[in-house]
Protein chains: 2
Amino acid sequence: MFTSYFIKHMTYTKATAFSPEQQEVARIAKVLSHPARIAILQHLAEAKTCISGDISSALPLSRTTVSQHLTELKNAGLIKGEIDGLTVCYCIDQETYDKARQLLEGMLAAIKSSCCTDTCC
Amino acid sequence: MFTSYFIKHMTYTKATAFSPEQQEVARIAKVLSHPARIAILQHLAEAKTCISGDISSALPLSRTTVSQHLTELKNAGLIKGEIDGLTVCYCIDQETYDKARQLLEGMLAAIKSSCCTDTCC
DNA sequence: GAAGTATGACGTAAACATACGACATGGTGT
DNA sequence: ACACCATGTCGTATGTTTACGTCATACTTC
């Protein structure tokens, strides 16, 4: 790609320079990095029945914005939605969710301060 | 605030409309939402001694950009840095880190698909 | 004090994220 | 066919993040 020679600031492109695991963890964290998406996940978990699109009525956001967040959650595989006539049933995709959770928690568990015995910090 | 009456699109402001816990979880996830910050945390965890600012040499990023990520991690309280003469010692702030980890994992554990028995999904 | 080195702060450009109104789509019911 | 309803898509305005070069600061060493 000769074009890359002319790119001055490779904004946002450096993410690909890290390990696949680091990218994957960051990707999962990004999905969880907005309170609305946390709220949606919690709402779906609490709901006893499949929830249609009136999730927006339970949130301080417009239907359009909620739909956008739902799309992101769906793209990440954390939830799945199937059309049921007039409404769409959104549910947590437990399989993908558990995998994502496992990957994230595994990374978090591996982070442990190994320095700072007494000389510094 | 009368000014709010004139704000057409309240971009990015709706985050405050969610619960403090949802905001906090999202804030933690946001810090972890970039592979560079994951890499920095892992690097600090693996390092046996306190690491100075040459973290950038271990990463595919410029020193300036790494410094920016370090600042974000520091603002979040996940790491701490103390000046030691010419260099700065960056370490994981185990106490804050553990709290953040606990909050995040607690939220993740509470998410469980409760619908979709057989009728849908 | 001057030179050298390591660091953070400032400024800037490009890409992305957020939020919403308006429109298009597609099934329901009359 | 027609109106109705719930949903997704598109366009747009605004704010935030990412990435880097350049400068200012501060400590060390000669």
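Letters A, B, ... mirror the listed sequences (proteins, then strands); counts begin at 1.
- Counting heavy atoms from C-beta outward, A:Leu78 and A:Val31 have side chains that approach closer than 4.5 Å.
- Atom CD of B:Gln68 is separated from atom C1' of D:dT17 by 8 Å (rounded to the nearest Å).
- Nucleic acid contact for A:Lys30: sugar-phosphate only, since backbone atoms but no base atoms lie under 4.0 Å from a heavy atom of the residue.
- Distance, B:Leu70 CG to C:dG8 P: 7 Å, rounded to whole Å.
- Applying the salt bridge (charged side-chain N to carboxylate O under 4.0 Å, His left out) test to pairs two or more places apart or on separate chains, those with a residue in residues 25-36 of chain A are A:Glu24-A:Arg27.
- With distances taken from any side-chain atom of A:Arg37 to the nucleotides D:dT22, D:dT18, C:dT18, the minimum falls on C:dT18.
- Nearest-nucleotide positions on DNA chain C place B:Thr71 closer to the 5' end than the other of B:Thr71 and A:Ile83.
- One axis for each end of the helix from C:dG1-D:dC30 to C:dT30-D:dA1, each built from five base pairs, and the angle between them comes to 20° at 10° resolution.
- Between A:Tyr90 and D:dA6 there is no side-chain polar atom (N or O) within less than 4.0 angstrom of OP1 or OP2.
- Residues A:Leu86 and A:Ile51 do not share a hydrophobic cluster, defined by chaining ILVMFWY side chains whose heavy atoms lie under 4.5 Å apart.
- Following rounding to the nearest Å, A:Ile55 (CD1) and D:dT7 (P) show an atom-to-atom distance of 9 Å.
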Passes side chain to side chain donor-acceptor pair (under 3.5 Å), A:Thr64 versus A:Ser67? Steps please. CA-CA 5 Å; A:Thr64 314; A:Ser67 178; over 6 Å; no

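- Between the P atom of C:dT18 and the CD1 atom of A:Ile40 lies a distance of 11 Å, rounded to the nearest Å.
- The side chain of B:Thr65 lies closest to D:dA19, out of D:dA6, D:dG8, D:dA19.
- Backbone-only contact: A:Leu61 has heavy atoms under 4.0 Å from sugar-phosphate atoms and none from a base.
- A sub-4.0 Å separation between OP1 or OP2 of C:dA17 and a side-chain N or O of A:His69 is absent.
- The heavy-atom pair separating A:Leu41 from A:Ile92 by the smallest distance is O-CD1, 3.8 Å.
- In this model, the phosphate group of C:dA6 is not approached by any side-chain N or O of B:Thr87 to a distance below 4.0 Å at OP1 or OP2.
- Residue B:Arg63 places no side-chain atom within donor-acceptor reach of the base of D:dG21, judged by atom type and a 3.5 Å distance cut-off alone.
- Taking atom CG on A:Leu59 and atom C1' on C:dA19, their separation rounds to 14 Å, with Å as the unit.
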Between A:Tyr90 and A:Glu82, is the side-chain contact (heavy atoms from CB on, under 4.5 Å) condition met? List the steps. CA-CA 7 Å; A:Tyr90 278 114; A:Glu82 293 201 358; over 6 Å; no

Please test B:Gln102 against B:Asp98 for side chain to side chain donor-acceptor pair (under 3.5 Å), starting from the C-alpha separation and ending with a verdict. CA-CA 6 Å; B:Gln102 203 173 332; B:Asp98 287 343; over 6 Å; no

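- The distance between atom CD of A:Gln23 and atom P of D:dT18, rounded to the nearest whole Å, is 14 Å.
- Distance, A:Asp84 CG to D:dG8 P: 13 Å, rounded to whole Å.
- As a whole-Å value, the separation of A:Leu86 CG from C:dG29 P is 8 Å.
- A:Ser62 has a side-chain polar atom (N or O) that falls below the 4.0 Å cut-off from OP1 or OP2 of C:dC20.
- Relative orientation of the A:His69 and A:His34 rings is tilted, given thresholds of 30° and 60° on the angle between their planes.
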